[in-house]
Amino acid sequence: MSINLEVNVGGLVMKNPVTVGSGTFAYGQEYNSYFDVSRLGAVTTKSLSLKPRAGNKPPRLVETPAGMLNAIGLQNVGIEAYLRDKAPWLREHNCTIIGNIYGYSPEEYAELARRLEAEGAADAIEANLSCPNVHDARTARGCTLVAQDPEQVQRYTEAIRAATKLPLFIKLSPNVIDIAESALAAEAAGADGLSLINTLLGIGINPETRRPILSNIVGGLSGPAIRPVAVKLVWDAARAVKIPIIGMGGICNANDALQFILAGATAVAVGCYTFRKPDAAMDVVNGMEDYCRRHGVEKITDLIGAMEMQ
Amino acid sequence: MSINLEVNVGGLVMKNPVTVGSGTFAYGQEYNSYFDVSRLGAVTTKSLSLKPRAGNKPPRLVETPAGMLNAIGLQNVGIEAYLRDKAPWLREHNCTIIGNIYGYSPEEYAELARRLEAEGAADAIEANLSCPNVHDARTARGCTLVAQDPEQVQRYTEAIRAATKLPLFIKLSPNVIDIAESALAAEAAGADGLSLINTLLGIGINPETRRPILSNIVGGLSGPAIRPVAVKLVWDAARAVKIPIIGMGGICNANDALQFILAGATAVAVGCYTFRKPDAAMDVVNGMEDYCRRHGVEKITDLIGAMEMQ
Amino acid sequence: MPYILDCEITSHQEVAPGHYRLVAHAPEIAAAAAAGQFCMLEVQEGFYPFLRRPMCFERIYPDSVSILYKIEGEGTRLLSRFTAGQSINIQGPLGKPFPLNGAYQRHIMVAGGIGIAPFPALAEAIIAQLGKTPEVIIAARNEDLLLCEDIFQQMGCKIHLATDDGSVGKKAFASEVLDALEPSKDSIVYCCGPMPMMKATHAVCQQRKIPCLASLEAEMACGDGVCLGCVVEANVEIEAERMVRVCCDGPVFDSTTIHWESY
Amino acid sequence: MPYILDCEITSHQEVAPGHYRLVAHAPEIAAAAAAGQFCMLEVQEGFYPFLRRPMCFERIYPDSVSILYKIEGEGTRLLSRFTAGQSINIQGPLGKPFPLNGAYQRHIMVAGGIGIAPFPALAEAIIAQLGKTPEVIIAARNEDLLLCEDIFQQMGCKIHLATDDGSVGKKAFASEVLDALEPSKDSIVYCCGPMPMMKATHAVCQQRKIPCLASLEAEMACGDGVCLGCVVEANVEIEAERMVRVCCDGPVFDSTTIHWESY
Ligand SMILES: Cc1cc2nc3c(=O)[nH]c(=O)nc-3n(C[C@H](O)[C@H](O)[C@H](O)COP(=O)(O)OP(=O)(O)OC[C@H]3O[C@@H](n4cnc5c(N)ncnc54)[C@H](O)[C@@H]3O)c2cc1C
Ligand SMILES: Cc1cc2nc3c(=O)[nH]c(=O)nc-3n(C[C@H](O)[C@H](O)[C@H](O)COP(=O)(O)OP(=O)(O)OC[C@H]3O[C@@H](n4cnc5c(N)ncnc54)[C@H](O)[C@@H]3O)c2cc1C
Ligand SMILES: Cc1cc2nc3c(=O)[nH]c(=O)nc-3n(C[C@H](O)[C@H](O)[C@H](O)COP(=O)(O)O)c2cc1C
Ligand SMILES: Cc1cc2nc3c(=O)[nH]c(=O)nc-3n(C[C@H](O)[C@H](O)[C@H](O)COP(=O)(O)O)c2cc1C
Ligand code: FES
Ligand code: FES
């Protein structure tokens with residue numbers, strides 16, 4: 001039986017539904033020594049900003065039960081270095097590229113999207129409207145993330161939409177009461193898809209020193225620990241919107257990934273588990289194919305949102 | 001050196017800052033075969049409702065990485081059976097009792113609080129305004145929990161406040177954007193303290209059957225997996241209100257508990273880790289005492305909110 | 001009163017493909033345990049897996065207990081990694097044992113697959129305490145997965161085999177084998193195995209008006225009656241008391257108390 | 001190119017209180033590894049702990065590698081439970097090795113505590129590749145915690161001991177011992193140990209205008225340059241390039257590139 005794993009995510013054709021979480025795969029090349037990264041449905045880049053960024057001071061990460069907190073603070077090479085040094089490698093190696101972008105204003109996002117499209121350096125844009133690590137936790141309170149405020153989501157999405165014809169995915173935050181609201185706002189503003197979830201806000205404190213472990217105090221929680229939360233949010237969003245969803249949060253294997261797909265995701269991203277097992281995303285691809293074979297599923301798209309309820 | 005572990009939580013004097021999570025310790029007696037439960041700062045009861053409840057259909061629980069999802073649905077013996085069969089045992093054994101209550105209206109909560117006070121069957125009231133397992137996930141959307149809506153929190157708290165002079169704690173939900181809002185609402189309405197966090201919403205799906213694992217589809221995520229999220233929310237709430245906080249979410253040992261205290265909690269509750277290690281709460285008491293000895297801390301209250309920031 | 005103890009593993013062997021027997025030195029637990037009860041095992045340190053795993057006692061020796069288990073998922077796979085000499089954390093005994101009633105002449109145990117696990121201990125107890133020798137129906141997918149035959153043979157039990165593929169014994173369901181044994185009012189039945197098999201066994205017993213004790217399984221968090229996670233639906237009029245806990249109201253139930261229609 | 005392999009543990013022993021040496025059969029990794037590089041170990045299956053643990057190579061043999069480690073927390077405690085014959089998952093080699101420069105006559109290694117770990121491999125490389133015999137300063141809290149003395153003795157290295165409590169060797173900081181050795185412009189220093197000790201060593205080298213290579217530590221998630229979690233502040237003018245990754249820009253850095261004022 002030949003299995004068709006191809007999915008179309010809002011115009012982006014992926015040969016299989018598996019990409020990687022932004023920030024957990026750098027710019028692709030780094031992990032090519034472990035497996036042929038072009039075999040993934042797509043490579044998602046670290047968030048790119050207009051200027052290179054140094055990010056937060058260390059310590060920037062701490063392990064937690066079945067997960068980790070990070071407060072990298074979007075250290076990245078900047079769009080120019082990406083276009084010059086990173087994108088060519090991805091292109092040469094025939095990778096499908098989801099260019100993840102981060103800006104300080106709708107205009108910056110629009111500019112980033114425009115540059116990526118103009119240079120042919122991405123096949124789709126993922127706008128990170130939900131990075132928890134760019135605020136000072138001492139003073140921040142309430143809706144500090146664009147993705148927490150549906151009106152802002154709409155405003156930002158419209159600006160980016162106007163700047164690019166590439167498939168546009170909006171990356172949302174789990175730190176909301178009702179993900180459907182931000183999902184609907186993005187959809188209304190012309191997004192072609194949603195990426196969720198970004199990390200949950202968390203803190204680790206070292207009782208021995210009485211200090212927060214992260215220099216930024218607050219970090220983003222990722223890993224298998226958050227997977228049930230992520231599946232729930234994907235299910236919520238999928239019932240609210242018509243545009244496709246890239247689901248992520250704690251995916252380690254095909255079984256995890258299939259939960260997202262059954263809950264309504266069209267594609268999935270493997271995030272920080274890659275740090276433990278660099279070829280985890282490839283495992284997911286292979287495991288999905290096995291699953292389909294075992295269950296007589298001819299095309300993976302038959303499983304999207306196929307969770308059965310009594 | 002003699003260490004003073006006593007804390008006063010909004011009028012409730014606890015001989016040490018350690019209680020248990022409602023629903024993870026039944027009515028106290030069950031775990032007395034493992035250790036003398038009266039040695040805890042307090043025993044918190046399973047949520048009590050006016051009528052006994054059967055709860056949700058099984059399956060009601062599923063293990064997750066470093067945690068578990070539950071959708072018990074507040075099965076409990078009801079207030080009358082509690083007063084008749086459970087409270088006397090707790091009283092005979094000199095347990096300090098936090099009576100956790102759940103109702104369908106402010107009036108029901110008020111009635112429950114009144115009964116507990118009238119019968120001397122609790123030393124403090126914890127009002128669970130945040131149980132995620134009493135709604136039908138198929139249809140529920142948005143602010144389904146009282147604790148997600150500050151106005152409702154205020155209305156419910158006022159009603160319970162008017163019904164009892166016992167110390168009153170409001171148990172809040174982590175499924176919000178800004179915990180400070182619900183915390184402030186509870187404080188304004190006369191709460192003596194806050195309990196946080198209740199469980200995060202989550203879903204588990206079995207790809208083999210394509211069905212949700214829980215009969216209720218959605219359940220509440222607890223355990224070490226959520227600890228960083230809980231510490232963050234306690235920190236947020238503690239900076240917003242003056243009333244004390246009982247912190248919980250994934251506490252397994254004294255180190256975990258101290259994170260909550262350093263973040264601003266006055267007391268802590270050990271929840272589902274008790275299922276793995278029935279005397280975990282006692283470990284926390286002992287470990288806190290050790291810590292204080294090692295660090296020359298004479299009274300545990302010196303550590304409340306004592307996290308140091310650069 | 002349950003204990004929680006680190007116990008030395010004295011032997012651990014694969015007894016059939018994917019099936020293992022683990023014997024642990026646990027004098028206190030063994031002394032307190034009775035057939036039908038179970039224990040909760042820590043299969044790895046730390047939080048993976050997060051919960052203990054329930055396993056009933058296959059046999060209860062003076063100073064040790066044995067468990068017989070099947071690799072089902074991650075927890076049991078990790079359990080199978082332990083080697084003799086290592087120590088394992090055991091909580092138990094938990095739950096209610098099989099009640100023993102000398103009024104019956106014929107004691108028939110009906111086991112489906114790994115559901116055989118509690119019966120060696122039960123057979124021993126029936127022999128020792130009631131002076132009767134039970135019969136046992138062992139049903140399994142195929143010959144390789146028929147467990148404990150040797151044990152029951154040594155005890156002198158009459159053994160009835162059934163396999164799904166007919167590779168040995170009858171090609172029949174355990175409940176059909178039971179029916180064919182024509183148990184009458186001097187008989188009592190004990191069963192353990194997959195829900196459909198126990199449901200069918202219950203039906204046979206109902207029809208024949210004989211008592212049936214079923215040992216149930218459910219996902220468990222605490223094993224102590226606290227979490228209310230392990231409930232099954234019972235035939236109770238009062239709505240609020242319909243959910244009974246497998247861990248402490250069971251795992252052994254009079255089959256008439258279970259609301260089999262839900263399963 | 002790093003490998004990820006299940007490797008058999010050929011020996012595992014406690015060499016000092018709370019300190020262990022683990023040798024694993026890992027021909028591919030050994031063949032690719034150089035002194036100063038490290039590996040990432042899976043200390044338990046599943047998600048506890050979630051991340052691998054970085055450990056540098058103590059020695060690199062033809063078919064195996066050894067690591068020397070101290071029990072620091074849960075991960076290293078679990079690591080210490082492995083027994084010879086078991087297999088452990090190793091990812092490596094990772095990071096940049098110590099650069100070897102034959103222009104210097106005097107090669108001085110300065111180790112604080114478990115910071116000794118990379119130096120047996122380095123000493124061996126200096127002897128084999130440069131034909132020079134390095135000196136080593138071993139500083140530790142007390143006599144019991146002085147590690148690897150025998151190894152350096154066998155290699156013919158000059159050894160300078162220092163302990164915090166003066167129980168053996170000088171009662172002095174490693175950097176003070178270095179200063180007392182009066183290294184001059186024919187000398188190169190390699191150091192590894194706690195940040196304050198490396199900072200002080202760097203200061204001595206600066207003052208004496210000699211090069212110093214420091215092997216740094218940082219919390220790591222990926223070990224591969226991907227997560228950007230392991231950065232330290234470097235002396236880089238361009239703000240955006242100030243954060244360098246210990247895992248792939250290091251762990252060995254020319255000490256002048258590190259912004260020691262931050263530590
Ligand atoms: C009272 C009792 C006694 C038992 N005695 C035995 C025995 O003697 N021999 C034996 O082989 N098995 C026995 N089981 C079943 C055994 O506990 C499960 O097979 C085991 O927990 C599966 O764990 P896993 O991690 O390998 O599987 P996974 O499928 O990875 O487990 C995932 C989760 O589901 C739960 N789970 C999965 N299957 C079952 C099940 N059938 N029953 C309860 N929980 C389950 C696990 O506890 C875990 O929380 C018993 C169960 C109960 C309740
Ligand atoms: C490149 C490199 C090489 C190393 N080589 C050695 C060696 O040869 N021998 C040796 O004993 N130790 C070495 N370490 C330190 C070793 O990795 C830590 O002691 C170990 O990770 C602690 O883990 P734990 O779970 O026992 O401690 P915990 O304190 O429980 O660890 C908690 C978390 O902090 C991290 N962590 C704690 N201390 C350190 C540290 N000093 N450096 C990095 N991460 C830390 C852990 O990785 C983990 O994520 C090296 C570290 C690095 C970065
Ligand atoms: C170290 C690290 C860095 C990350 N950086 C980014 C980023 O730059 N942009 C972004 O949109 N998400 C970033 N994320 C979030 C991930 O892409 C992903 O949404 C999240 O980690 C959940 O998936 P996981 O649990 O599988 O890791 C980062 C996550 C981690 C762990
Ligand atoms: C099985 C189970 C049942 C629970 N029942 C209740 C309840 O009845 N009332 C309530 O307020 N919280 C209930 N909770 C929530 C806990 O009290 C606690 O807030 C939460 O589990 C987080 O703590 P933990 O991670 O330490 O378990 C329950 C939790 C679990 C796991
Ligand atoms: S397993 Fe907790 S009540 Fe039965
Ligand atoms: S550990 Fe991930 S970049 Fe260094």
Side-chain angles (χ1 to χ4, degrees), chain A residues 20-21 23-35 46-47 49 51-78 80-81 133 208 213-215 219 222-225 227 250 252 271-279, chain D residues 1-6 32 40-54 72-75 89 91-94 195 216-234 236-249 258-259 261-263:
Chain A
V20 292
T24 68
F25 214 74
Y27 310 96
Q29 187 170 359
E30 289 76 356
Y31 278 132
N32 204 54
S33 55
Y34 296 101
F35 72 102
K46 173 78 187 164
S47 280
S49 51
K51 297 253 145 35
R53 285 175 56 103
N56 295 321
K57 294 208 172 234
R60 290 176 172 186
L61 59 83
V62 52
E63 191 185 49
T64 66
M68 57 180 283
L69 283 170
N70 88 79
I72 307 301
L74 295 181
Q75 174 173 355
N76 79 96
V77 297
E80 296 309 329
N133 297 324
E208 296 302 315
I213 301 175
L214 301 175
S215 73
S222 61
R227 196 193 60 224
C252 304
C272 64
Y273 191 63
T274 292
F275 302 152
R276 170 78 176 252
K277 194 166 187 311
D279 58 353
Chain D
M1 197 196 87
Y3 297 88
I4 300 183
L5 298 168
D6 286 321
M40 298 279 279
L41 304 172
E42 270 190 11
V43 298
Q44 195 170 257
E45 272 198 80
F47 305 137
Y48 183 81
F50 183 58
L51 300 171
R52 289 169 181 265
R53 293 292 184 264
E72 193 62 46
E74 275 292 274
N89 189 278
Q91 174 184 19
L94 300 164
M195 276 310 232
L216 267 55
E217 282 188 5
E219 285 78 44
M220 291 187 174
C222 70
D224 264 315
V226 169
C227 72
L228 305 176
C230 65
V231 299
V232 290
E233 291 192 55
V236 177
E237 300 273 303
I238 308 166
E239 161 74 16
E241 294 175 11
R242 247 190 34 241
M243 297 297 184
V244 296
R245 294 161 299 184
V246 171
C247 69
C248 65
D249 300 318
I258 303 302
H259 190 254
E261 294 74 10
S262 309
Y263 298 95

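So you know, we letter chains A, B, ... as the sequences are listed, proteins then strands, and number each from 1.
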**Report entry** Top of D/G223, D/G75, D/A240 for chain A proximity - count of heavy-atom pairs under 4.5 angstrom
**Finding:**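 Of D/G223, D/G75, D/A240, D/A240 has the most heavy-atom pairs under 4.5 Å with chain A.
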Can you measure from [atom1] ([X]) to [atom2] ([Y]) and round to the nearest 0.5 angstrom?
X	Y	atom1	atom2	value
A/F25	D/C227	CZ	SG	13.5 Å
A/K277	D/R52	NZ	CZ	8.5 Å
D/L228	A/L61	CG	CG	10.0 Å

Please flag which part of [X] lies under 4.5 Å from any non-hydrogen atom of chain D: side chain, backbone, both or neither.
X	value
A/K51	neither
A/C272	both
A/Y273	both

With side chains defined as the heavy atoms from C-beta onward, is the minimum distance between [X] and [Y] less than 4.5 Å?
X	Y	value
A/P58	D/M243	yes
A/V62	D/E219	no
D/Y3	A/S33	no
A/P278	D/I4	yes
A/C252	D/F47	yes
A/T64	D/F50	no
A/E30	D/D224	no

Query raised in the report: Out of A/K57, A/K46, A/M68, which one racks up the most heavy-atom pairs below 4.5 Å with chain D?
Result: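 Heavy-atom pairs under 4.5 Å are most numerous for A/K57.
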**Report entry** Pairs of heavy atoms under 4.5 Å with chain D: top-ranked of A/G67, A/P65, A/G223, A/A71
**Finding:**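 Sorted descending by pairs with chain D, the first entry is A/G67.
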Can you say whether [X] sits under 4.5 Å from chain A via the side chain, the backbone, both, or neither, judging by heavy atoms?
X	value
D/Q91	side chain
D/R245	neither
D/M40	neither

Requested in this report: State, to 0.1 Å, how close D/P2 and A/Y34 come at their nearest heavy-atom pair, and which atoms those are.
Outcome: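 Between these two residues, the closest heavy atoms are CG-OH, 3.0 Å.
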**Report entry** Shortest non-hydrogen separation from A/E63 to D/P49 and the atoms involved
**Finding:**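 That would be OE2-CB, 3.2 Å.
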Report task. Verify, without hydrogens or angle tests, whether A/R276 (side chain) and D/G46 (backbone) share a donor-acceptor contact under 3.5 angstrom. Result ->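 Looks like yes, one N/O pair under 3.5 Å.
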